[in-house]
Structure formats: C-alpha cells, structure tokens
Amino acid sequence: MKILMVLTSHDQMGDTGNKTGFWLEEFAAPYYAFKDAGADITLASPKGGQPPIDPSSDDAGAQTDDTRRFKADPAAQAQLAATSKLSELTADRFDAIFYPGGHGPLWDLAEDADSKRLIEAFAAADRPVGAVCHAPAVFRHTLGSDGKPLVSGRRVTGFTNTEEEAVGLTGIVPFLVEDMLKANGGTFERGADWSSFVLCDGKLVTGQNPASSAEAARQTLALLA
C-alpha cells in the first residue's frame, strides 16, 4: 500500500507579511494513520525539500498527540525535510493521494499543473483522492474524465466560509474553499464549525477542518482495504 502525501511549498499569507504553509496537525494525524496501517508513504511538494509549517499550527495550543509524536520522531522529521518534487512523480506508483491543508495550498497547489495532472490520473484510475480543510482547494481546476470539474455532482466538504470568517482571513485568501467547490458544481455539505466532518463520494474523500484530518485518513484507508 503506497500513499502519496502532497504538501504546499507556499509560505506567504497574501501580501500581509505573515507566514503560512501547511497545518501541522493535518499532516501529522494522517501521516501516522497511514504509517500505523503499514503504508509506504511518499511526501511531495511543488518545490521539493522542506515544506513550510504554518507558524500558528506550531503554537502550544494547537498541539495534539499526533503532533507531539511527530516532534519526537526524527525519522519523520527527516522525511518531511526531503519531500520529492511533484513534477518528478507519476500516479501509477501509488495507490492513493492525500492532501493536508493549511492556507498555503490556496496559493500554490490550487494552481499547480503537476498536482492537477496527478489528481486527474488518480481519478481516472479510480484510486482514492483525499483532501482536508483548505486542501480541497486543489480541486479548483481538476477535471473528471467527462471534462466537467472533478467535484461536479459530488458530495464534498472543506473549510467553510464561517470558519474562514472566524479566523479573520476572508479578505486575505485568494478564494474561499466553500464558494469554489459550489461554483464547480459540488454538493457542499458541512458539520458544525471546528467539529470533525468527512465525506466520501466514490473514491473522493474530503474533510472540513483540522478536526477532520484523522477521520479523512481513516476513510481513505478504508477505500484501500
């Protein structure tokens, strides 16, 4: 069982001067869910190397058992520091692809041609595609084999407009995940703000927010069982 996890390389929160990146818990929880299930995990990013961690996700109040496990795991830290370049990977090497969130993907992975190529290849091969929180941004331009947006007519979720408003970034982000998924024809569903909510439609798995990351990984694994 080989799983490709794709992380953002983008570290700037628009033109605010603040830093962003991937959300640590949204990486750590799925990483260990996959690892503990015996998966062979490959980490990748557009630029390769160390992807940027959103500083807010590294705050003491944002830590979980999985993030603490990561911080005590030199092997995982070394693997994260040496991500492969997306451009060098092909879908046929993997059984599933999974995207952790954080605000970074809104800027780079949403527009990345290699990410689009990989997702469309996984979808065409009917292999699981998972994304949590802001990571469903990666479906902005992806198409299904019918030429329609990949999420068109499918039940999907992601970081909600009210959650984005609550963190005060509605006017900063390049687009709102909820609005984009709806505009692409997705049937957007949601749970309560900040609660775990995951949808699985065929081989497409989407999670609403950081609290949803572990369950999104478990549902991705279930599709591989």
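The figures here come from the full heavy-atom set of this structure, side chains too, leaving out hydrogens, waters and symmetry mates. In this text, all values refer to a predicted model and were calculated from it rather than measured experimentally.
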Say whether [X] and [Y] are linked into one hydrophobic cluster, either directly or through other cluster members, by side-chain heavy-atom distances under 4.5 angstrom.
X      : Y      : value
Met5   : Tyr99  : no
Leu106 : Leu24  : no
Val156 : Val177 : yes
Val205 : Phe197 : no
Phe34  : Tyr32  : yes

Could you check whether any side-chain N or O of [X] sits under 3.5 Å from a backbone N or O of [Y], counting only pairs where one atom can act as donor and the other as acceptor?
X      : Y      : result
Asn184 : Gly186 : no
Gln79  : Ile41  : yes
Asp112 : Pro46  : no
Asp108 : His10  : yes
Thr83  : Gly49  : yes
Gln208 : Ser196 : no

Please round to the nearest 0.5 Å and tell me the distance separating atom [atom1] of [X] and atom [atom2] of [Y].
X      : Y      : atom1 : atom2 : value
Lys85  : Lys47  : NZ    : NZ    : 10.5 Å
Gln219 : Leu224 : CD    : CG    : 12.5 Å
Leu7   : Phe22  : CG    : CZ    : 5.5 Å
Thr157 : Glu178 : OG1   : CD    : 8.0 Å
Arg68  : Glu25  : CZ    : CD    : 10.5 Å
Lys148 : Leu150 : NZ    : CG    : 12.5 Å

Inspect the contact between [Y] and [X] and indicate whether a charged nitrogen and a carboxylate oxygen are less than 4.0 angstrom apart.
X      : Y      : result
Lys35  : Asp66  : no
Arg69  : Asp36  : yes
Arg117 : Asp114 : yes

Heavy-atom closest contact ([X] atom, [Y] atom, distance):
X      : Y      : answer
Ser9   : Gly48  : OG-N, 4.4 Å
Pro105 : Pro100 : CG-O, 4.1 Å
Ala96  : Phe122 : C-CE2, 3.5 Å
Pro136 : Gly158 : CG-CA, 4.1 Å
Gly21  : Thr8   : C-CG2, 3.4 Å
Ala29  : Ser213 : CB-OG, 3.7 Å

Set out, in order, the CA-CA distance, both residues' side-chain angles and the distance that settles side chain to side chain contact (heavy atoms under 4.5 Å, CB included) for Ile53 and Phe27, then state yes or no.
CA-CA 10 Å; Ile53 297 173; Phe27 161 72; over 6 Å; no
Within 6.0 Å of CG in Asp15, more than 12 heavy atoms from elsewhere:
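No, not enclosed.
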Does NZ in Lys2 sit with more than 12 non-hydrogen atoms of other residues, nucleotides or ligands closer than 6.0 Å?
no
Under 3.5 Å, is there a donor-acceptor pair between the Ser56 and Asp59 side chains?
no
Regarding Glu164 and His134, do their side chains bring together a donor and an acceptor under 3.5 Å, going by distance alone?
yes
Go through it in stages, so that I can follow the logic: the residues are Arg93 and Asp40, the test is salt bridge (charged side-chain N to carboxylate O under 4.0 Å, His left out), and I'd like the CA-CA distance, side-chain angles, deciding distance and then a yes or no.
CA-CA 11 Å; Arg93 292 173 49 191; Asp40 178 0; over 6 Å; no
Kindly indicate, with the supporting measurements, whether the criterion ring-ring contact (aromatic ring centres under 6.0 Å, His included) is fulfilled by Phe159 and Trp194.
CA-CA 9 Å; Phe159 205 60; Trp194 315 115; 5.6 Å; yes
Do [X] and [Y] have side chains that get closer than 4.5 Å, going by heavy atoms?
X     : Y      : answer
Pro51 : Leu80  : yes
Leu86 : Leu109 : yes
Asp58 : Lys71  : yes

Enumerate the residue pairs fulfilling salt bridge (Lys or Arg N to Asp or Glu O under 4.0 Å) with a member in residues 118-138, sequence neighbours excluded, ordered by first and then second residue.
Lys116-Glu120, Asp126-Lys203
Do any pairs count as a salt bridge (Lys or Arg N to Asp or Glu O under 4.0 Å) and have a residue in residues 188-197, sequence neighbours left out, and if so which ones?
Arg155-Glu189, Arg190-Asp193
